[in-house]
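Written below as structure tokens is the structure these notes are about.
For the numbers below, each heavy atom of this structure counts, side chains included, while hydrogens, waters and symmetry mates do not. On a predicted model such as this, the values are computed, not experimentally measured, just so you know.
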Amino acid sequence: MLVFVLMITGCSPKSKEAASSSKDELIIAIGGEPEAGFDPTTGWGRYGSPLFQSTLLKRDHNLKIINDLATSYEISKNGMVWTVNLQKNVKFSDGNPVTSEDVKYTFETAAKSGSAIDLSNLKSVEAIGEHSVKFTLKEPQSTFMQMLVATGIVPKHAHGTDYAQKPIGSGPFKLVQWDKGQQVIVEPNPEYYGPKSQFKKITFLFLNEDAAFAAAKAGKVDVTAIPSAFTKQPVTGLHIEAVQSVDNRGIMFPFVKSGSKTKEGYPIGNDVTAEVSIRKAINIALNRKALIDGVLDGYGTPAYTLNDGLPWYNPEAQIKDADLDGAKKILARNGWKDSDGDGIVEKGNLKAEFTMVYPSGDLTRQSLAIASADMVKPLGINIKVEAKSWDDIEKLMHSNAVLFGWGSHDPLEMYNVHSSKFGGVEYYNPGFYSNPVVEDYMNKALRATNEQDAIELWKKAQWDGQTGISAKGDAPWAWLVNINHVYLVKDGLDIGNQKIHPHGHGWPVTDNIEEWQWTK
């Protein structure tokens, strides 16, 4: 609450009054402060609107690709040359024109940044005149589309060492004030070429969950993100908006048997989770609706892959869950039985028990882990649940099950999480999952020269009728839930048609913020 008091006293005089006392201002508390600032070349804007910058392309409410700064684009027959044509007469917020040289500079700088932006397949960028850009790739990559969607364009003339603190762009808003640790104030960019925001000023407060909720109850904010547990306490003058997401949580299983180690000396493999019958039995025994109701207070959807509901999701990958009898039959058919009467099934000398870890301090993951372990106990599978620091998890995740979270608008994430190429690389494929058929589908999807062909291949990688990365196939994960992103919104404020949100980094709810408006 001390933080909350500091924040409110840090606001302008008008913001000290009740939120929305002026219909042309907004005060919102929807996420943490971007520590690295507002520079798209180092990752800003990848989980929501970059606010201050335009992107070449964007996704509409149905996640279809549409133009933003671009007017059109073409992909060569071999998929290696992408030519993007730009709008003319577009200006940055400082009045300077946006040209192909700015686009070229942005992507070259992002490629060199060593940040989360993976442009390793980009061979060169060329400015063709003032309003066309040619990207040449080292090899075809259908997911390069996402780089054009997520990378905000920065001005070559003004991209200095302090740019992240004082961004200039051609997006819908411009930065007015940043009080570190407290708030950011933005105003509409008068040079913006798209629909103009109804609001002359928007203040982003950086509050923890308790302080944000207190601010909402005090009438100090118009929109605030809240955990689902807070929905049980109605707040006068505000209503709940629950947005569907692919912000998923799931259990990653070590896919291979034990016996080897990483170059750092961390153990790889787990003899129990290497058994596909164990993984499949757990998947169909889990009651995902009960997890949503009991852990998420109803604010979520069942998860069956890491990309449910996205254009490349294969609905045929969905399984029937909460099926204890079916799970018991799978185990029995594969030689698992409780011979010694201790409540745990075994196969030969191998007992069906293993450890599942989750990051300490994450109450949602703790609850999901404990509840999941309880759900599979009737099968005779004993999962020991332990909280660990992320440093410890890095050492344990190749040989123990882990409750992870993913969720992106980029199908490349499916490749990173499941490709043998990324076995043991950072957090991508810690279980060392590998399937040559799946690998072939995903590689062909990456090299496809049009998005629709790629989508069909991504779907086959999940389930082709015989194999796949879903629970119907190899079941290297037991996906549990997609967490709805929940907000308290001032009555009469329309936050537009929200697209499915990605993982909860950044401010995904702002992706359409220029469309927000008062309806009364």
Side-chain angles (χ1 to χ4, degrees), residues 31-32 47 208-210 225-232 242-254 270 273 279 282-283 285-308 321-322 353-377 381-408 413 416-417 426-431 471 475-486 501-506 508:
Y47 290 91
N208 64 36
E209 290 177 344
D210 290 332
I226 60 170
S228 59
F230 287 8
T231 59
K232 298 174 182 177
V243 182
Q244 186 179 346
S245 85
V246 285
D247 191 352
N248 47 54
R249 299 294 181 269
I251 304 169
M252 184 283 307
F253 298 116
N270 184 297
T273 62
R279 302 192 304 268
I282 290 173
N283 260 284
L286 290 167
N287 187 331
R288 290 164 176 81
K289 185 179 185 305
L291 292 175
I292 293 165
D293 292 340
V295 177
L296 304 181
D297 300 290
Y299 290 98
T301 56
Y304 300 101
T305 71
L306 87 169
N307 44 245
D308 294 7
D321 64 2
E353 58 182 0
F354 58 90
T355 298
M356 173 167 55
V357 298
Y358 66 90
S360 55
D362 190 322
L363 296 181
T364 298
R365 296 195 201 199
Q366 178 188 50
S367 298
L368 288 171
I370 292 171
S372 297
D374 286 343
M375 286 178 179
V376 302
K377 275 185 180 178
I381 297 176
N382 183 36
I383 302 179
K384 296 171 282 186
V385 175
E386 296 181 6
K388 296 290 182 181
S389 69
W390 279 111
D391 286 341
D392 286 338
I393 289 174
E394 287 184 7
K395 301 170 185 176
L396 298 168
M397 62 185 179
H398 306 301
S399 56
N400 295 274
V402 184
L403 210 154
F404 277 124
W406 291 95
S408 171
E413 183 172 84
N416 293 342
V417 170
E426 299 178 355
Y427 289 99
Y428 282 137
N429 182 6
W477 287 71
W479 297 101
L480 305 175
V481 296
N482 299 299
I483 299 174
N484 284 354
H485 291 175
V486 184
H501 282 191
H503 197 48
H505 299 302

Approximate separation, where rounding is to 0.5 Å, of [X] [atom1] and [Y] [atom2]:
| X | Y | atom1 | atom2 | value |
| --- | --- | --- | --- | --- |
| Asp392 | Lys395 | CG | NZ | 5.5 Å |
| Met375 | Ile381 | CE | CD1 | 14.0 Å |
| Asn270 | Asn400 | CG | CG | 6.5 Å |

Which atom pair, heavy atoms only, marks the closest approach of [X] to [Y]?
| X | Y | value |
| --- | --- | --- |
| Val385 | Ala373 | CG2-CB, 3.8 Å |
| Val376 | Ala285 | CG1-CB, 4.4 Å |
| Met356 | Ile383 | CB-CG2, 3.6 Å |
| Pro254 | Ala401 | CD-N, 3.7 Å |
| Pro502 | Val246 | CA-CG2, 4.0 Å |
| Ala242 | Tyr299 | CB-CD2, 3.6 Å |

Exam field: side chain [X] to backbone [Y], donor-acceptor pair closer than 3.5 Å:
| X | Y | value |
| --- | --- | --- |
| Arg249 | Gly405 | no |
| Arg365 | Leu403 | yes |
| His398 | Pro430 | yes |
| Ser228 | Leu296 | yes |
| Asn208 | Asp210 | yes |
| Ser245 | Ile483 | yes |

Q.
Going by side chain to side chain donor-acceptor pair (under 3.5 Å), name the residues that satisfy it together with Thr305, two or more places apart in sequence or in a different chain.
A.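 Only Asn307, Asp308 meet the side chain to side chain donor-acceptor pair (under 3.5 Å) criterion with Thr305.
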Do [X] and [Y] have side chains that get closer than 4.5 Å, going by heavy atoms?
| X | Y | value |
| --- | --- | --- |
| Ile226 | Thr231 | yes |
| Ser372 | Ile251 | yes |
| Lys384 | Phe354 | no |
| Tyr358 | Val402 | no |
| Asn429 | Asn416 | no |
| Trp406 | Trp477 | yes |

Working for side chain to side chain contact (heavy atoms under 4.5 Å, CB included), residues Gln366 and Ile370: CA-CA 6 Å; Gln366 178 188 50; Ile370 292 171; 3.8 Å; yes
[X] and [Y]: side chain donor to acceptor below 3.5 Å:
| X | Y | value |
| --- | --- | --- |
| Asp247 | His501 | no |
| Thr301 | Asn482 | yes |
| Tyr428 | Glu413 | no |

With a 6.0 Å cut-off on ring centres, are Tyr427 and Trp390 close enough? yes
As a quick check of understanding, evaluate side chain to side chain contact (heavy atoms under 4.5 Å, CB included) for Val486 and Phe230, giving each step before the final call. CA-CA 9 Å; Val486 184; Phe230 287 8; over 6 Å; no
Name the atoms and distances for all side-chain donor-acceptor pairs under 3.5 Å in residues 287-294, with sequence neighbours left out.
residue, atom, partner, partner atom, Å
Asn287, OD1, Lys289, N, 3.4
Asn287, OD1, Ala290, N, 3.0
Arg288, NE, Ala303, O, 3.1
Arg288, NE, Trp479, O, 2.8
Arg288, NH1, Asn283, O, 2.9
Arg288, NH1, Asp321, OD2, 3.4
Arg288, NH2, Asn283, O, 3.4
Arg288, NH2, Asn283, OD1, 3.2
Arg288, NH2, Trp479, O, 3.0
Lys289, NZ, Asp293, OD2, 2.7

inquiry  = Holding to ring pair (Phe, Tyr, Trp, His ring centres under 6.0 Å), I want the full list of residues that pass it with Tyr47, two or more places apart in sequence or in another chain.
reply    =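 Only His505 meet the ring pair (Phe, Tyr, Trp, His ring centres under 6.0 Å) criterion with Tyr47.
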Notebook entry, point to check: Given the rule in the side chain to side chain contact (heavy atoms under 4.5 Å, CB included) test, do Leu286 and Leu480 qualify, once you have shown the distances and angles that lead to the verdict?
Noted result: CA-CA 8 Å; Leu286 290 167; Leu480 305 175; 3.5 Å; yes
Does Lys388 pair with Glu386 as a salt bridge, N-O distance under 4.0 Å?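 Answer for the salt bridge query: yes.
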